[in-house]
Number of protein chains: 2
Amino acid sequence: MSRTESSTGTADRMSVSLPDLPAPTSVNLGLLSSSLAFHVRKAQLALQRRGLRNISAMHVGPAEFGALVLCEQNPGMAQFQIAAALDIDKASVVAIIDRLEELGWLLRRRSNHDRRRYGLYLTAEGARQAQVLRTQAEEAESFAHDIFSPDELNQLLGLLARLG
Amino acid sequence: MSRTESSTGTADRMSVSLPDLPAPTSVNLGLLSSSLAFHVRKAQLALQRRGLRNISAMHVGPAEFGALVLCEQNPGMAQFQIAAALDIDKASVVAIIDRLEELGWLLRRRSNHDRRRYGLYLTAEGARQAQVLRTQAEEAESFAHDIFSPDELNQLLGLLARLG
DNA sequence: TATTGTTATACTCTATAACTATA
DNA sequence: TATAGTTATAGAGTATAACAATA
């Protein structure tokens, strides 16, 4: 990589301006300002920074939280169903369930109806932690209620749901 | 990891139901259905699947595309400004600019106004590629125009912008 | 002292492919 | 043959910390 000054001899490769412009003080986003992907990505970063990441010390991220809530609402759920609900591969679910099982928050029980599957069940401790995490998640997202009216929040959720 | 059947002896740890439930046929999302983070994440995945990822063969991802568009709109821009605009660390910008420079799409030119900085400028080839990529990005997001009315799309963009 | 760019390093999240056991 | 779960592996995308040059 030639990261030299190369102040001459490359003029023919320049598209816009050779002169040593002062760096712009305010940045023009161009096409990005109307890009859905750009805004969705920034929104996700903003949500992560608000505390949704590393939600309760432990190594419990959004995926673990999602799996826990799903198993709470749907006792006996199978791993491939977690994968579908969270939009990730079934192979990626294994490590998530492993972690929750190691924490003692969740049990795998081989299904008798279909012995290829596990049924997933929360333990009592898992149910307790789910409650704690749910509260934390709600607090992490509570700033949205300051930014948006209830109507606007519903609008946003509805519009996003149509994208997925 | 004991992934045995453990059909007995763990009843005290179960929070919900011991019986071997058939896996639920339809999944209840619980709290997730009203979670902003959950919907934003699914929306991002949907956008990526629509072709925004690996946008033009080469190793040109969303970050490279963003940097290219920014430099096109703001000739002489510095790397730390790219970092701020894309919401990533300045250290992460280095590799992105390296790649664009290797492709011959972009030039670093040490600024004379502040010799700590580089001014970033598109090459003629970079400007050509920016046009190609812009078209591809617009096509990748065009499905949004099928899903949303122009008003709805503006609403969504506006609401997302308020989150970031 | 603070800022800009750089390097080295490591971490999170996820996908892919190949395997097993069951269906 | 197809499906559910597993393993091993690899990749993308980023952050952090420490550093040199410059302000």
Side-chain angles (χ1 to χ4, degrees), chain A residues 1-5 22-23 37-38 40-42 44-45 48-49 52-55 58-67 76-101 106 108-120, chain B residues 1-5 22-23 37-38 40-42 44-45 48-49 52-55 58-67 76-84 86-101 106-120:
Chain A
M1 250 153 297
S2 72
R3 208 167 286 172
T4 55
E5 304 217 0
F38 178 71
V40 166
R41 187 182 162 285
K42 288 197 84 161
Q44 197 179 31
L45 284 174
Q48 285 175 353
R49 276 194 289 263
L52 209 99
R53 179 179 285 179
N54 280 341
I55 204 167
M58 321 300 290
H59 291 276
V60 177
E64 281 80 8
F65 173 61
M77 202 172 173
Q79 289 180 205
F80 78 98
Q81 293 179 307
I82 301 275
L86 298 184
D87 247 324
I88 55 181
D89 195 275
K90 63 189 165 72
S92 305
V93 174
V94 178
I96 294 166
I97 303 300
D98 279 353
R99 240 166 288 147
L100 293 173
E101 209 178 23
L106 194 130
R108 280 178 170 101
R109 255 188 95 210
R110 186 69 74 174
S111 165
N112 289 324
H113 301 97
D114 181 343
R115 298 191 50 73
R116 291 173 302 184
R117 302 184 184 179
Y118 289 109
L120 303 175
Chain B
M1 249 154 297
S2 72
R3 209 167 288 172
T4 54
E5 304 216 4
F38 177 72
V40 166
R41 187 183 161 285
K42 289 198 85 162
Q44 198 179 29
L45 284 174
Q48 286 175 353
R49 276 193 291 261
L52 208 100
R53 180 179 285 180
N54 282 341
I55 206 167
M58 322 300 287
H59 291 276
V60 176
E64 281 81 8
F65 173 61
M77 203 174 173
Q79 289 179 204
F80 78 98
Q81 292 179 307
I82 301 274
L86 297 184
D87 247 324
I88 55 181
D89 195 275
K90 63 189 164 72
S92 305
V93 174
V94 178
I96 294 166
I97 303 301
D98 280 352
R99 238 166 289 147
L100 293 173
E101 209 178 23
L106 194 130
L107 291 176
R108 280 176 169 103
R109 255 187 95 212
R110 185 72 73 175
S111 166
N112 289 324
H113 301 97
D114 182 342
R115 298 191 51 74
R116 291 172 303 183
R117 303 183 184 179
Y118 288 109
L120 303 175

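Computed from a predicted structure; not experimentally measured. Reminder, nothing fancy here: chain letters follow the sequence lines and each chain counts from 1.
Of the listed nucleotides (dG5(C), dG13(D), dT14(D)), dT14(D) has the atom at the smallest distance from the side chain of Arg41(A).
At the phosphate of dG13(D), neither OP1 nor OP2 sits under 4.0 Å from any side-chain N or O atom of Ser92(B). Taking 4.0 angstrom as the limit, Arg108(B) places a side-chain polar atom (N or O) nearer than this to OP1 or OP2 of dT6(C). At dT6(C), one or more side-chain N or O atoms of Gln79(B) fall inside 4.0 Å of OP1 or OP2 (strictly under the cut-off). In terms of phosphate contacts, Arg49(B) brings no side-chain nitrogen or oxygen within less than 4.0 Å of OP1 or OP2 of dA15(C).
The heavy-atom pair separating Val60(A) from Phe65(A) by the smallest distance is CG1-N, 4.3 Å. In terms of heavy atoms, Ala63(B) sits closest to Ile96(B) at CB-CD1, 3.6 Å.
To the nearest 0.5 angstrom, Leu120(A) atom CG is 5.5 Å from Ile82(A) atom CD1. Taking CZ from Arg49(A) and CG from Asp87(B), the interatomic distance works out to 4.5 Å, rounded to the nearest 0.5 Å. Atom CD in Gln44(A) sits 7.5 Å away from atom CZ in Arg41(B) (nearest 0.5 Å).
Note: CD (Gln44(B)) to P (dC13(C)) measures 14 Å, nearest angstrom. dT6(C) atom P lies 13 Å from atom CD1 of Ile88(B), rounded to whole Å. The interatomic distance linking Gln81(B) (CD) with dT4(C) (P) rounds to 9 Å, in whole Å. The interatomic distance linking Ile96(A) (CD1) with dT6(D) (P) rounds to 12 Å, in whole Å. One interatomic measurement links the two molecules: CZ of Phe80(B) to C1' of dA21(D), which rounds to 16 Å at whole-angstrom precision. For Phe65(A) and dT12(C), the CZ to C1' distance is 19 Å, given to the nearest whole Å. Taking atom NZ of residue Lys90(B) and atom P of nucleotide dT4(C), one finds them 8 Å apart after rounding to whole Å. The distance between atom CG of Asp98(B) and atom P of dG5(C), rounded to the nearest whole Å, is 13 Å.
Remark: side-chain polar atoms of Arg108(A) are not paired, donor with acceptor, to backbone N or O of Glu101(A) under 3.5 angstrom. Side-chain N or O atoms of Arg117(B) include none that pairs as donor or acceptor with a backbone N or O of Arg110(B) at under 3.5 Å.
Counting non-hydrogen atoms under 4.0 angstrom, Ala91(B) reaches a base of the nucleic acid.
When each of Arg117(B) and Ala63(A) is assigned the nucleotide of DNA chain C bearing its nearest heavy atom, the one mapping closer to the 5' terminus is Arg117(B).
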With 3.5 Å as the limit, what N/O pairs link the protein to nucleotides 21-23 of chain C?
residue: dA23(C); atom: OP1; partner: Arg115(A); partner atom: N; Å: 2.9

